[in-house]
Amino acid sequence: MFEVSVEYSFAAGHALRNYKGKCENVHGHNYRVQVTVAGEALNGAGLLVDFADLKAGLRGLVDRLDHRFLNEIEPFDQINPSAENLAKYLGDGLRDRLQDQGLRLQAVTVWETDTASATYRP
Ligand SMILES: [Zn+2]
């Protein structure tokens, strides 16, 4: 089995609901996202997937969040824009595209800071 990962960054604001602490107030993060996919077969070029294709899929999802207030964007107007929910949102958004390419989603990790992250594994 092979695994391939790409990373992408974006900046956004959020405020956590149902939470008591500093993060209930509006604040921002420079988020970092890592997506890891897995598969068995390499293509004729010796690649599981082209890094550029994987990044393009991630970019397509992340760009609607970049430089926005997450609490106002679907589905985060309903669910909390936590790192955990962001990771699942991005993973769910990539799943169909990956399946079409014969790839499995292994994990999505979202860092809010250099030392704090959440990982979603389907
Ligand atoms: Zn935060």
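Quantities reported herein were computed from a predicted structural model and do not represent experimental measurements. Worth knowing before you read on, the calculation uses all heavy atoms, side chains too, and leaves out hydrogens, waters and symmetry mates. One-based numbering, in listed order, for ligands and for the atoms of each.
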Please determine if Glu24 and Arg17 form a salt bridge, counting it only when a charged side-chain N lies under 4.0 Å from a carboxylate O. no

Protein N/O/S atoms closer than 2.8 Å to the Zn ion (ligand 1): His14 NE2, His27 NE2, His29 NE2

Kindly list each side-chain donor-acceptor pair under 3.5 angstrom involving residues 94-102, sequence neighbours excluded, with atom names and distances?
from: Arg95; atom 1: NH2; to: Asp92; atom 2: OD1; distance (Å): 3.0
from: Arg95; atom 1: NH2; to: Tyr120; atom 2: OH; distance (Å): 3.3
from: Arg97; atom 1: NH2; to: Asp53; atom 2: O; distance (Å): 3.3

When rounded to the nearest 0.5 Å, the distance separating CD of Gln106 from OG of Ser5 is 9.0 Å

Contacts of Ala107 that satisfy side chain to side chain contact (heavy atoms under 4.5 Å, CB included) - sequence neighbours left out: Thr119, Arg121

Please tabulate, for the side chains in residues 67-78, all donor-acceptor contacts under 3.5 angstrom to protein atoms that are two or more places apart in sequence or on a different chain.
from: Asn71; atom 1: OD1; to: Ala15; atom 2: N; distance (Å): 3.0
from: Asn71; atom 1: ND2; to: Ala15; atom 2: O; distance (Å): 2.7

Please give me the minimum heavy-atom distance between Asn80 and Asn85, naming the atom from each residue. O-ND2, 2.8 Å

